[in-house]
Structures are given as structure tokens and as C-alpha cells.
Amino acid sequence: MNVTELSGVPDWLPDHLRDEGVEELYPPQAEAVEAGATEGESLVASVPTASGKTLIAELAMTASVARGGTALYIVPLRALAGEKRTEFEAFEQYGLTVGVSTGNYDSDGEWLATCDIIVATSEKVDSLVRNGAPWIDDLSCVVADEVHLVDDGNRGPTLEVTLAKLRQRNPGLQVVALSATIGNPEILAEWLDAELVDSTWRPIDLKKGVHYGQAVHLEDGNQRELQVRDGEKATEAIVRDTLNDGGSTLVFVNSRRNAEAAARRLAGTVENELTNEERTQLASVAAEIRDVSDTETSEDLASAVERGGAFHHAGLASEHRELVEGAFRDRLLKVVSATPTLAAGVNTPSRRVVVRDWRRYSGEAGGMAPLSVLEVHQMCGRAGRPGLDPYGEALLLAKSHDELDELFDRYIWTDPEAVRSKLAAEPALRTHLLATVASGFASSREGLLEFLDQTLYATQTTEGGRLERVTDDMLDYLEVNDFLERDGDDLTATSLGHTVSRLYLDPMSAAEIVDGLQTAEDRPSALGLFHLVSRTPDMYELYLRSGDREEYTMLANERETELLGMKPSEFEARWEDWLSALKTARLLEDWASELDESEITDRYSVGPGDLRGKVDTAEWLLSAAERLAGELGLEWAPAVREARTRVANGIRTELIDLAGVRGVGRKRARRLYEAGIETRTDLRNADKAVVLGALRGRRKTAENVLDNVGRTDPSMADVEADGSVAVVGEGENDQSNLGEF
DNA sequence: CATCCTCCCTTTTAGACAGCATGTC
DNA sequence: CTAAAAGGGAGGATG
């Protein structure tokens, strides 16, 4: 189908597509149009990665907007929201407006309501529905990207429930669900009353194969020699081979440590092939990486990048990840070893993909469990860069002939699994039942069951009664904890229940926080509050390592009076969780005691990304706790607020006032404080020479800070830094001054 | 005597959404 | 129901 034949789309679109080099639609795109994508028909597109899914969404969205509607594009990751926004911004030249809404980045609320296309994460959409964002009712087209994630036990139910709510709220809503190739796309189509486009077509050929011995065995039956030298690992040989061919390699491994070790080794095999130009550019990327964070992880990454390799996992700060992704896309990095973060994340295609480890540790399975076919296919799908490579190649590695056969049977010749709704699980229903009642989608048990009947779970289940059973259990839980009131058959959310739903808290987290704050007899300490929020189900747990049990049991005894609520006995099952929450709490306390990032990441064996994640979550939960305390009229709200401010800025109590000034963070606040400037009032009246000295002679910074604190004459012209204060706290943070000793 | 290599035993293990109100070094 | 790699330490070989 030629782009000129499109009907229903805005007039400018065919020309725009031609400008972008699109003349003919890909077969799955044409199928989608024939199924009515541009006429407002709902659609499930189950197609491989990189086969033009985004264009299907764009056709549907622009057509819908042209009819006067509004489109919403739901993504599973914040990083993807940014990527999609950039893509859709191409439409702004035709007068369309694009907005983004995620937890950490929001377009202006009022402006969002006027946008034609809005990009948001599924949780954010859920939250917007709960909080009654007015534009939700005006939607005409909703795109759900990576909809196969409804299979995910944690986050799948949110997407599922949100889609059901949007459809109930907007009769006639067009739903475009984009999925990876899965075993049962027809059930998704049945659920969404949608047409199905099920295709395995790819614009670039993908050749899958298994490497064994000295050869690659491809799925078409061909073999190709690929020599592995003595003392060399298969992965190294493949990377070398790809590089000789002018391509780069993406290697998937099963742990962070393996990713880092592989990057170190593989950087060694590519570093001699770099041009001087590449070396220079890589050195500047490495410098940016070191700038992001002063930790061992950051340093290891930078030194690998200098040699043309990198690793990628969730322990990296998001800036780290972006730098690696960018340098890999620019073909500067010749090899990246990654955990599954990269398979599901932003678009990072590669000439060749190696799935080195096909088993991964799983606590539930009690050992190494094989990756799902879907997951391996997603990794393989990263092979082949559109427009750059003639084809992509994805290789698994076998160490024995038996394994060679097994890998072919398991992954190459096998279709991906069917997806299955995970809605009938307690945590999911506990949260979504409350939200459904609180935001007015149901007001009785029957109403709830009727609503739940609109979900994928209901479409899919053959096991009648299970959903109803769990629903009743969770209604009891919500009633006992005072989130819901039952009057005969009627259900209403209490005011506490409304607050919890709007704060986007798991009701169990809210119950834990409320209980902890209510039973506190004295003003809770920061550690006590950090521990309280760390043991809620909304905080991801730190792993207890050998030796940690004893260490934190001792800490629990030493600081027992600070810890809120009932301490479980060491023989209870939840003791482990309670201890690991204590470990998290002490990490947060270290952060809020101005310990350096590098010392913390070292002490707890975490990456900078983990630390920032924990701090972020704690900040969110403490602000929710503050609201709950206010709601219930509890007296400890100020203590909660103080803990929140401390963890948000990473400061001790005495810096709270100073850190409230824009442009002053944990480092500057500490230096000002050491120079005798302890409050904002001090700062307003301070000797400029002292301020300038404390801020290391940075005139521009000093002027900004003084301006922000409301000083009328912030100019630093003619002021000389007071040298006596400039030395304070120096050495660790400013490398340029190290040499003076 | 220092350094390197090898072998064996122990340790460890993926990912990441949300509120609210504005900005680190 | 299930594993594998890295890192550290001991002990031996090498220079």
C-alpha cells in the first residue's frame, strides 16, 4: 500500500512520510490500515520488534486527532516516554501538540489538557484517572505499547485495569494495542473487541543461530565457520568476527557482575581496532560518565568505554545508561554487555546480538531457570539496524552438542509463550479494588465484579470463582483497615481510602505507615521513619548478604527504641524482610548524614542507580506518610517532613534551612555552614568574601545563590574570596586542588 | 624470594512504576 | 525439579 492511498489521515501526513523516506507501508502496517486503524477501529498488532509498530500508532493517532480527538500513548518505562515524545515532536510542525506525563517529568498540567498527543506510563495514566484529570474523558484513541506486559505479575494488572477503565469511560474509544509476537494475540483482540494483525514480517531479515565449537549453526540449516582461538571465549571470538565485518555486538548476560566482567574482557578484544578519532570521542564520553557519579561503578564503566566497550544494567544511573545507549547507537562503542534492561528499554539495535546466558537465577524456582522464549526473542529482536545492516544476526551459545540441540528446540524453533493475566493476585486486587471504588467506577461488590468482567482476566480465565474469592478476601482487608466501608451491598471509600488511592500507595503500605505512626510514643527518629517506609511493599528490598544477618540483628538491638511498630521475632518468616528493610533504612540514614555516594555504594554493594532509586522512593513514601499523618491528625507530621527533606537532599538536620535555597545542595550547604553561615538569614547578611570562599570562588554560582536567597545586591564584582574558608571540606570533591599538597 | 599460575572453595545472583512542587556540583 | 561465573585464598611452579 502506497502512502498516497491512505484514507482518514490528515492531508499533510502522506507528504510528511515521503519526506521521511516512507513510500510504501510495510505489510503489517498495510494490514493495520485495512483493518481500520485510520478509521477509528480498535486493533491488536502482534508484530516483531522494529517492524514499524510505531508508524501504526502514528497513523491511528494522527487520524484520530484529525477527526478532532485526543490520543494517548501508554509506555511501560519512563525512558520510553522520552523516546516517543521525541519521535512525535516531528508532528509539531503541522500544528499538533505533544505532552508527556510521568512520575519524574510532567508537562504543565493545564497545557497537557490541550495536547493532541499525550505520552505517559501506565501507572501515571492510572493515577491521572484516580485523580480525575479532566482530559481523560476526551480521549478518542489510546495506544498501549508493549501490551504483552499484562503478563507481568507486578505491573501487568495496572495496564489491564487502566485499559478497562479508559474503555468504560470513553465508549467508542479506539484502542491500538501493540505487542511483541506472543502465543495468543487473539485473546487480546477478543478482550479489546479489536481486529487482529498477527505478523512475523520484519523489514530486516533476522537470522537466528547457535554457536557451537568452531561454527555457527543457523536456523536455515546452513553453517558458517567461526574460529575460537586458544584461551579465548566464544563471545570474544564472535565480537572479533563482527568487528572485522564492521559491526558492533550486543551481549546479553544474566547478572550485573557478569555484565561488568564481560565488558572488561571484551573491551580488551576491541580496543586495538579503534581509530584515533574514535578514541578521542570515547574519552570524552568516559569523562561525561565520570562526571555523573564518583563511584567505583562509574569509574569501571568509564575505563571500559575508553577502550570501546561498556556494560549496561539497572545499577547505573540513568545518565550513565543514556550515555552508553547513545555511544552504542553512534557506533562508537563496539560492544555492550547488558542485563535484560536493554532488551526491553529504548531502541538500541546492533548488527549482532549474542544471548550468552540463557538461564538466570530465580529465587522462586530455587536455582537457575531458563529464560522465557518471549524474553529471548526480544533480545534477539535487537539485531539488525534498519537502513544500516543487510540483516541482523542473533546467536545463542552452546557448550555441548546436547545443548546445541536443546537451544534449537527451546528457542529457535519454538513460538513465544501465551500471555496470561495476573490480575487475580492479592497485591494487585488490593490496590485496584480500592482505586476502582474510590474513583467511582463501582459502588458495590456486584458493581466491582461487573467491572472486573471487563478485564483480560475475565476474558481469559477458565477457573471460575477464583477472582471472586480473592476479591472478597481483599474487600475484607480493605474494610478492616478502614479504607472501605460496607453498608449492606454498598461500598464507599473512606476519606482515608480516597487519600490512599490518590497518593497511589499500595493499601498495605498505607496500613503499615499508619500503624507505625499511630503507635509511636515519642517523636520518631529519621532511622525509625526510614525503616517504616522501607518495609512497605512499595519499597524494593535490598538483598541480605552473608554476614548481614548478624550485623543487622545487632543494629536492631542497639537501636531498638527507634524502630516503630512491633518487632517480629527472629523465628518469624518476616524477620528477613524486616532486617533487609533495616539495611535499606541505614543506607538512607547514611545518605541523610552526608556520607559520600561512593562510600555508600561501596558499603552496601549497590550501584549509583540503586542508591538514587532508593532515595527517590523514600522521598515519595515519606511525603505520602506526611499526608497520611495530616489526614489522621497525628502529631508526628513535622518529624516525617524533616526526614523527607533530609533524605531528599542528603543532608543532616542542621542544613535543612540552607538547602531550601535554590542552587544549594548537600555540598554547598555544608561548605557554607562550615564557613559560619548557618541559616538563610546568615546568608542574606554574610560577608560576600566568605560566601565566595565557601563556594570555591565561583562568582556566577555565588551571585545566583545570593539572588535566590533574596539578597538585594548579589553582585560579586570586586569581591575577593576569603581563602581561610575555601580549604574546608576540600580534597574529596575537587580533584583540581589535590595537587597542591 | 617475588611473581605468576592453577585449582578449589565460597559467594552471589534482573528489573524499576508512583505524589508533589521545583531545581545539584 | 534445576547453575554458573567470578573472586579469593592456598599451594605449587617459575624466574
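Numbered from 1 within each chain, the chains take letters A, B, ... in sequence-line order. Only this structure's heavy atoms are used, side chains among them; waters, hydrogens and symmetry mates stay out. Just so we're clear, the structure is a prediction, and the values are computed from it rather than from any experiment.
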Per atom distances to the A/Arg78 side chain, the nearest of B/dC25, B/dA18, B/dT13 is B/dA18
Considering just the side-chain nitrogens and oxygens of A/Thr339, establish if one lies under 4.0 Å of OP1 or OP2 belonging to B/dG15.
yes
Reckon A/Val661 touches a base, only the sugar-phosphate, or nothing at all at heavy-atom distances under 4.0 Å?
sugar-phosphate
Does B/dA18 pair with anything, Watson-Crick or G-U wobble, both distances under 3.5 Å, and if so, with which nucleotide?
none
For A/Arg264, report the nucleic acid contact type (base, sugar-phosphate, nothing); a contact means any heavy atom under 4.0 Å.
sugar-phosphate
Quantified in whole Å, what is the P atom distance between nucleotide B/dA14 and nucleotide C/dA5?
15 Å
Polar side-chain contact A/Thr341-B/dG15 base: donor and acceptor under 3.5 Å
no
In whole angstrom, give the distance that lies between atom CZ of A/Arg256 and atom C1' of B/dG15.
8 Å
Can you tell me how far the CG atom of A/Leu77 sits from the OG atom of A/Ser122, to the nearest 0.5 Å?
9.0 Å
With a 4.0 Å cut-off on heavy atoms, is A/Leu77 in touch with a base, just the backbone sugar-phosphate, or nothing at all?
sugar-phosphate
Could you pull out the closest heavy-atom pair between A/Leu72 and A/Ala120, with the gap in Å?
CD1-CB, 4.3 Å
Have a look at A/Gly609 and say if it touches a base, only the backbone sugar-phosphate, or nothing, with a 4.0 Å heavy-atom cut-off.
nothing
Assign A/Gly367 to base, sugar-phosphate, or nothing according to its heavy-atom contacts below 4.0 angstrom with the strands shown.
nothing
Kindly confirm whether the side-chain ring of A/Trp620 is stacked on the base of B/dA18, judged by centres under 5.5 Å and planes under 30°.
yes
Heavy atoms under 4.0 Å, any strand shown: does A/Val664 hit a base, just sugar-phosphate, or nothing?
sugar-phosphate
Gap separating the CD atom of A/Glu541 from the NZ atom of A/Lys614, nearest 0.5 angstrom:
9.0 Å
Where DNA chain C forms runs of at least three Watson-Crick or G-U pairs (i with j, i+1 with j-1, under 3.5 Å), the stems are B:1-13 with C:3-15
Taking only N and O in the side chain of A/Thr121, is any of them less than 4.0 Å away from OP1 or OP2 of B/dA18?
yes
Does a side-chain N or O from A/Arg321 land closer than 4.0 Å to OP1 or OP2 of B/dA16, or not?
yes
Roughly how far apart are A/Leu112 CG and A/Ser107 OG, rounded to 0.5 Å?
5.5 Å
5′-ward residue of the pair A/Ala79/A/Asn131 relative to DNA chain B:
A/Ala79
Span of DNA chain C engaged by chain A, first through last nucleotide within the 4.0 Å heavy-atom cut-off, is C/dT2 to C/dG7
Picking from B/dA14, B/dG15, B/dA18, which would you name as closest to the side chain of A/Ala314?
B/dG15
Looking at A/Glu325, A/Glu260, A/Arg321, which one forms a side-chain hydrogen bond (donor to acceptor under 3.5 Å, both in side chains) with A/His312?
A/Glu325
For A/Arg612, which contact category applies under a 4.0 Å heavy-atom criterion: base, sugar-phosphate, or nothing?
nothing
Closest to the 5' end of DNA chain B, once A/Arg662 and A/Tyr361 are matched to their nearest nucleotides, is A/Tyr361
Closest approach of A/Ala438 to A/His498 (non-hydrogen atoms, all atoms of both residues):
O-CE1, 3.0 Å
Under 4.0 Å between a Lys/Arg side-chain N and an Asp/Glu carboxylate O for A/Glu375 and A/Arg360?
yes
Could you walk me through whether A/Met508 and A/Thr431 pass the side chain to side chain contact (heavy atoms under 4.5 Å, CB included) check?
CA-CA 8 Å; A/Met508 191 180 258; A/Thr431 300; over 6 Å; no
Tell me whether the guanidinium CZ or amine NZ of A/Arg666 lies under 6.0 angstrom from the six-membered ring centre of A/Trp591 and within 45° of its axis.
yes
What contact category does A/Gly103 fall into here, base, sugar-phosphate, or nothing, at under 4.0 angstrom with non-hydrogen atoms?
base
Short side-chain N/O contact to B/dC20 OP1/OP2 from A/Arg627, under 4.0 Å:
yes
Base, sugar-phosphate alone, or nothing: which one does A/Asn254 contact when heavy atoms must sit under 4.0 Å apart?
sugar-phosphate
From the list B/dC17, B/dC25, B/dG15, which nucleotide is the closest neighbour of the side chain of A/Glu123?
B/dC17
Looking at B/dG15, B/dC25, B/dA16, which one has an atom nearest to any side-chain atom of A/Arg155?
B/dA16
Salt bridge flag under 4.0 Å for residues A/Lys583 and A/Asp548
yes
In whole angstroms, how far is the C1' atom of B/dT24 from the CD atom of A/Glu597?
12 Å
Can you see if the side chain of A/Thr102 gets near the phosphate of B/dC17 - specifically, an N or O under 4.0 Å from OP1 or OP2?
no
May I ask you to say what A/Arg359 touches in the nucleic acid, namely base, sugar-phosphate or nothing, with a heavy-atom cut-off under 4.0 Å?
sugar-phosphate
Take A/Arg78 and A/Tyr105 through the test side chain to side chain contact (heavy atoms under 4.5 Å, CB included) and record every step on the way to the result.
CA-CA 9 Å; A/Arg78 295 198 285 229; A/Tyr105 181 82; over 6 Å; no
I want to check a possible cation-pi pair here: A/Arg130 against A/Tyr504, using under 6.0 Å from ring centre and within 45° of the ring axis as the test.
yes
Out of B/dA18, B/dT12, B/dA16, which nucleotide sits closest to the side chain of A/Thr617?
B/dA18
Give A/Arg668 one of three labels, base, sugar-phosphate or nothing, depending on what nucleic acid heavy atoms sit under 4.0 Å from its own.
base
